[in-house]
Number of protein chains: 2
Amino acid sequence: MFGKGLDVCCGSCPHAWPNFKNLSSDEIKELSKHRFQSNFSAGETIFKAGSPTSSAVFLSSGIAKVYLEGFDGKKIILNLAKPGYLLAGPGNYVDSTHHYSVVALTDVTACFIDMNLIKSYVRKNPMFAEGYLKDISGKSLRIFYKMMSLVQKKMPGRMAEGLLSLADEVYGADEFNPILSRQELGELTGMAKENVVRIMKEFCNEGIISTNGSTITIKDKDKLKLISANG
Amino acid sequence: MFGKGLDVCCGSCPHAWPNFKNLSSDEIKELSKHRFQSNFSAGETIFKAGSPTSSAVFLSSGIAKVYLEGFDGKKIILNLAKPGYLLAGPGNYVDSTHHYSVVALTDVTACFIDMNLIKSYVRKNPMFAEGYLKDISGKSLRIFYKMMSLVQKKMPGRMAEGLLSLADEVYGADEFNPILSRQELGELTGMAKENVVRIMKEFCNEGIISTNGSTITIKDKDKLKLISANG
DNA sequence: ACTTTGCATTGATATTTATCACTATATTAG
DNA sequence: CTAATATAGTGATAAATATCAATGCAAAGT
């Protein structure tokens, strides 16, 4: 299913961007009219770094990975996006291009909203502008801490932190299927895939986690937190 | 010299934050009235991560280093701030605390402007809000690229990039005194101070740069760019 | 002048991490 | 079912980087 509008109102969408609460009902109606919707299969690209930020994108279902394209094709996964997460990035107010790429990890339904409309609300509606500022500020802060972690922690610390963030922030459970391959877990934690395997095995041997097929279970969260904190 | 106001108007300050151009003359007057000014000697802390973002800070003269406080007291220098650079950070719209620290590298004169005033203009003046969004977006993007560089490039690439950014973005000249110690150059480029020394020596031997006392001269910028680009 | 202190520099060494080569195990396409 | 392809896993090795232990050097204080 894809196409325009589908007579659904963004104001009643349970997965809407929280900042849409700051829009008037007229603005919401206008927004809903200009909404496009499209489906992506797991593995498909939703948008690529370098493409124009013509639309703000939100997932209404599914999970996607948000990553920077580095040198030699190496990637850094910044975040896993769930419904409610604004996919547009800081390039929107700098050079109107995306600076990260987004790829569906599961099957995904995505809403596309004309960026000019968003920008016009920023100009007309100060609370909406403030909400946008809060959104981008929060994401900036996350990047600060991600950078500190990647630069200063050693591999076991980064791996522990990655597993904790998957459990607490993404899946909300201590037993989860990360969907990410070992390669992608490496892109999330800044290490080669072989080292992901080795460190996870070590964590298993020490009884900190266990794995069953593709499912990871955190057995000793306190220890994992300790490893994450000690770098 | 320190204290309130001093009858100087932020509207005519050549070092004012560019976004102040979006304020009305009344707003500028009000801003100027609520301005505090204070001097810092080289090495003095202007504010620390964790402190409340009660004021937006701008330098009217001098240079300061902006850095993250990492683990084990290790630091990451994000930027060198010159006049015109908003020192407030993304914490302002998240938890009202600073997430980076700022220390004067030279003697500095700093202006403190009540953050509630800034926030009130964001709510009242959409163009000012948009300017704020642009500011924080640009800084976010810089962090993206800084992170990629620190995570994916090897030491010579990071060192080359650091020297180029000092020359082009901070000092605007190929011969400059970085003011930063070797330790601090390491915090800027993500390496131990000993490795800063070794790589700079290597660059000297290859005729890419030369050093005279604390002055660094870039001799072969193209080669430096190549090293930076190749990681 | 003489100590003290901090930074710069150097070489040796240890640690961390990536890479390579390969096997095993799935998973998918025909 | 079987070949083909992708991912997971393993061990050995090489490369990158940090750490340690000295030494020199220069500014600042007494």
Side-chain angles (χ1 to χ4, degrees), chain A residues 41-44 65 70-77 103 105 149-163 177-205 209-216 227 230-231, chain B residues 41-43 65 70-77 103 105 149-163 177-205 209-216 227-228 230-231:
Chain A
S41 303
E44 284 186 323
K65 63 175 175 178
F71 312 95
D72 302 320
K74 279 181 199 162
K75 295 166 186 166
I76 299 176
I77 295 181
V103 166
L105 285 175
S149 168
L150 289 182
V151 172
Q152 298 193 331
K153 286 185 184 178
K154 281 168 284 175
M155 290 197 301
R158 302 203 299 271
M159 191 75 238
E161 179 169 306
L163 291 172
N177 178 339
I179 317 182
L180 301 168
S181 68
R182 304 297 146 140
Q183 173 67 38
E184 289 169 320
L185 284 171
E187 289 162 3
L188 182 72
T189 55
M191 67 186 77
K193 61 184 186 303
E194 291 94 331
N195 292 324
V196 171
V197 171
R198 277 186 270 261
I199 289 171
M200 295 246 294
K201 188 183 172 191
E202 183 62 22
F203 284 180
C204 280
N205 290 344
I209 65 171
S210 70
T211 59
N212 187 341
S214 54
T215 304
I216 297 173
I227 294 171
N230 291 340
Chain B
S41 303
K65 63 175 174 178
F71 312 95
D72 303 319
K74 278 181 199 161
K75 294 166 187 166
I76 299 176
I77 294 181
V103 166
L105 285 174
S149 167
L150 290 181
V151 171
Q152 298 193 333
K153 286 185 184 177
K154 280 169 284 173
M155 291 198 299
R158 301 202 300 271
M159 191 77 238
E161 178 169 306
L163 291 172
N177 178 341
I179 318 181
L180 300 168
S181 68
R182 304 296 146 144
Q183 173 67 37
E184 288 169 321
L185 284 171
E187 289 162 2
L188 182 73
T189 55
M191 66 185 77
K193 61 185 186 304
E194 291 92 333
N195 292 324
V196 171
V197 171
R198 277 186 269 261
I199 289 172
M200 296 246 294
K201 188 184 172 191
E202 184 61 23
F203 283 180
C204 280
N205 289 344
I209 64 170
S210 70
T211 58
N212 186 342
S214 53
T215 303
I216 297 173
I227 295 172
S228 169
N230 291 341

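Predicted model only: the values in this text are computed from it and were never measured. In what follows, chains are A, B, ... by sequence order, proteins preceding strands, each numbered from 1.
Of all the heavy atoms in B:V196 and B:M191, the pair that sits closest is CG2-CG, 3.7 Å. Nearest heavy atoms, A:K193 versus A:Q183: CD-OE1, 3.3 Å. When all heavy atoms of A:C204 and A:S210 are compared, the pair lying nearest together is SG-CA, 4.1 Å. Taking each heavy atom of B:I227 and B:A160 in turn, the nearest pair found is CG2-CB, 3.9 Å.
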Please walk me through it: do B:M200 and B:L163 pass side-chain contact (heavy atoms from CB on, under 4.5 Å)?
-> CA-CA 10 Å; B:M200 296 246 294; B:L163 291 172; 4.3 Å; yes
Carefully, step by step, assess A:Q152 and B:I76 under the rule side-chain contact (heavy atoms from CB on, under 4.5 Å).
-> CA-CA 9 Å; A:Q152 298 193 331; B:I76 299 176; 3.7 Å; yes
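One end of the helix from C:dA1-D:dT30 to C:dG30-D:dC1 points its axis 40° away from the other end's axis, with each axis taken from 5 pairs and the angle rounded to 10°.
When heavy atoms are screened at a 4.0 angstrom cut-off, B:K193 is found touching no nucleic acid atom at all.
Closest contact between the side chain of B:R198 and the listed nucleotides C:dA18, C:dA8, C:dG11 involves C:dG11. For A:K201, the listed nucleotide lying nearest its side chain is D:dG11; candidates were D:dT19, D:dG11, D:dA8. You'll find that the side chain of A:S181 is closest to D:dT7, out of D:dG11, D:dT7, D:dA18.
A donor atom on one side chain and an acceptor atom on the other are not found under 3.5 Å apart for B:T211 and B:K201.
Regarding B:Q152, its CD atom lies at a distance of 16 Å from the P atom of D:dA16, rounded to whole Å. Atoms NZ (A:K153) and C1' (D:dA18) sit 19 Å apart, rounded to a whole Å. We find that CG of A:N195 is positioned 13 Å from C1' of C:dC20, with the value rounded to whole Å. Taking atom CZ on A:R182 and atom C1' on C:dT19, their separation rounds to 20 Å, with Å as the unit. Spacing between atom CG of A:L150 and atom C1' of C:dT16 amounts to 16 Å, rounded to whole angstrom units. Between the CG atom of B:L185 and the P atom of C:dA8 there is a distance of 8 Å, given to the nearest Å. Distance NZ (B:K154) to P (D:dA15): 10 Å, rounded to an integer number of Å. When the P atom of D:dG9 is taken as reference, atom CD of A:E194 falls 12 Å away, rounded to whole Å.
Side chains of B:R198 and B:M155 form no contact here, defined as non-hydrogen atoms less than 4.5 Å apart.
Applying the side-chain contact (heavy atoms from CB on, under 4.5 Å) test between A:P156 and each of A:K154, A:R158, A:M159 identifies A:K154 as the sole match.
The stretch residues 155-162 of chain B touches DNA chain D through B:M155, B:R158, each having a heavy atom within less than 4.0 Å of the strand.
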